[in-house]
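Worksheet: one structure, shown below.
Worth saying up front: this structure is predicted, and the values here are computed from it rather than measured. Whatever order the structure lists them in is the order used to number ligands and atoms, beginning at 1.
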Amino acid sequence: MSRVDYPALAARCAALTEGEQDIIALMATLACEIHHSDARFDWTGFYRNVGGDLLKIGPYQGGHGCLVIPFSRGVCGAAARTGQVQLVADVDAFPGHIACASSTRSEIVLPVWQGDALLGVLDIDSNQPAAFDETDAAALAAILQASFAP
Ligand code: SME
């Protein structure tokens, strides 16, 4: 299923962000690079952990997203709450899915860590059903880990 050239994407992200520590600068660069790496990715962006069990929208590519998501809601909230990657093949079958775009059919959300601190989540939405798999999850998690290492 995966069509991204993940080694090339990881190398590009590493080269572009080398030496950068600013979280927003990192998120903005990764959102751009990841979004344009594969036609399956129709919305790519970060929600930031702002405390109080709330996520607020961060850098993204695609149409507008919801501004605030509580940890208790949606796929993004589930990733933040559990610290686990969420692979959702059919968003209509996910209880509490938040539909920012009615065209979205499937979604992957990964927690973003800096050491033990949860910085937020990376959310990628696709207009194709079951667009994401474990290969995407593993490769994206590795890119996030390398980019946000303390
Ligand atoms: N679908 C997400 C909300 C974020 S947007 O789709 C950009 C969710 O259920 O958490």
Side-chain angles (χ1 to χ4, degrees), residues 1-6 9-10 12-13 16-17 20 22-148:
M1 170 70 76
S2 281
R3 278 165 282 163
V4 188
D5 182 344
Y6 277 116
L9 175 62
R12 225 164 40 242
C13 290
L16 285 167
T17 61
E20 183 56 67
D22 183 271
I23 298 298
I24 300 292
L26 292 170
M27 289 181 171
T29 304
L30 292 189
C32 178
E33 288 303 312
I34 294 170
H35 186 72
H36 294 289
S37 71
D38 195 308
R40 287 176 298 160
F41 301 170
D42 292 297
W43 194 94
T44 308
F46 290 88
Y47 280 90
R48 296 167 299 119
N49 178 9
V50 294
D53 285 352
L54 280 183
L55 296 166
K56 281 209 183 185
I57 198 151
Y60 66 94
Q61 302 264 319
H64 72 260
C66 318
L67 274 65
V68 183
I69 299 179
F71 277 27
S72 58
R73 292 203 53 217
V75 187
C76 291
R81 195 169 65 243
T82 63
Q84 303 292 320
V85 176
Q86 305 291 309
L87 266 172
V88 180
D90 174 4
V91 294
D92 292 330
F94 188 96
H97 169 254
I98 302 166
C100 293
S102 57
S103 52
T104 298
R105 300 264 56 89
S106 61
E107 182 161 352
I108 184 171
V109 184
L110 299 102
V112 181
W113 299 98
Q114 188 164 58
D116 292 339
L118 181 72
L119 296 179
V121 301
L122 170 65
D123 177 17
I124 308 179
D125 298 347
S126 180
N127 295 343
Q128 302 172 33
F132 306 101
D133 60 20
E134 294 292 345
T135 304
D136 298 299
L140 291 165
I143 289 173
L144 292 173
Q145 195 184 6
S147 303
F148 294 100

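- At the top of the distance list for atom 8 (C) of ligand 1, counting protein heavy atoms only, stands Val75 N, 3.3 Å.
- Each of the atoms 3 (C), 4 (C) of ligand 1 lies under 4.0 Å from some heavy atom of Ile69.
- Protein heavy atom nearest atom 2 (C) of ligand 1, with residue, atom name and distance: Glu107 OE2, 3.0 Å.
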Any chance you could lay out the side chain to side chain contact (heavy atoms under 4.5 Å, CB included) test for Val85 and Phe132, step after step, and finish with the verdict?
CA-CA 12 Å; Val85 176; Phe132 306 101; over 6 Å; no
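- A distance-only check finds a donor-acceptor pair linking the side chain of Asp38 to the backbone of Val4 [under 3.5 Å].
- Considering only heavy atoms from C-beta on, Leu144 comes within 4.5 Å of Leu30 through its side chain.
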For Leu26 and Phe46, run side chain to side chain contact (heavy atoms under 4.5 Å, CB included): C-alpha distance rounded to whole Å, both residues' side-chain angles, the deciding distance at 0.1 Å, then the answer.
CA-CA 11 Å; Leu26 292 170; Phe46 290 88; over 6 Å; no
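- Of all the atoms in ligand 1, the ones that sit under 4.0 Å from a non-hydrogen atom of Cys100 are 3 (C), 4 (C), 5 (S), 6 (O), 7 (C).
- Close approach to His97 involves these atoms of ligand 1, each under 4.0 Å from a residue heavy atom: 1 (N), 9 (O).
- Distance from atom 10 (O) of ligand 1 to its nearest protein heavy atom, with residue and atom name: Cys76 N, 2.8 Å.
- Counting heavy atoms under 4.0 Å from ligand 1, residue Phe94 does not touch it at all.
- In Arg73, neither the side chain nor the backbone holds a heavy atom less than 4.0 Å from any atom of ligand 1.
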Any chance you could lay out the side chain to side chain contact (heavy atoms under 4.5 Å, CB included) test for Leu140 and Tyr6, step after step, and finish with the verdict?
CA-CA 8 Å; Leu140 291 165; Tyr6 277 116; 3.9 Å; yes
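- Checking only distances, Tyr47 never comes within under 3.5 Å of ligand 1, N or O to N or O.
- Taking all heavy atoms of Asp123, Ile98, Asp125 into account, the minimum distance to atom 9 (O) of ligand 1 is reached by Ile98.
- Checking only distances, Gly65 never comes within under 3.5 Å of ligand 1, N or O to N or O.
- At distances below 3.5 Å, at least one donor-acceptor pair connects side-chain atoms of Arg48 with backbone N or O atoms of Ile57.
- Residues Phe148 and Trp113 place their aromatic rings such that the two centres sit no closer than 6.0 Å.
- Arg40 pairs with exactly one of Asp125, Asp136, Asn127 by the side chain to side chain donor-acceptor pair (under 3.5 Å) rule, that one being Asp136.
- Near Trp43, meaning under 4.0 Å from any of its heavy atoms, are these atoms of ligand 1: 7 (C).
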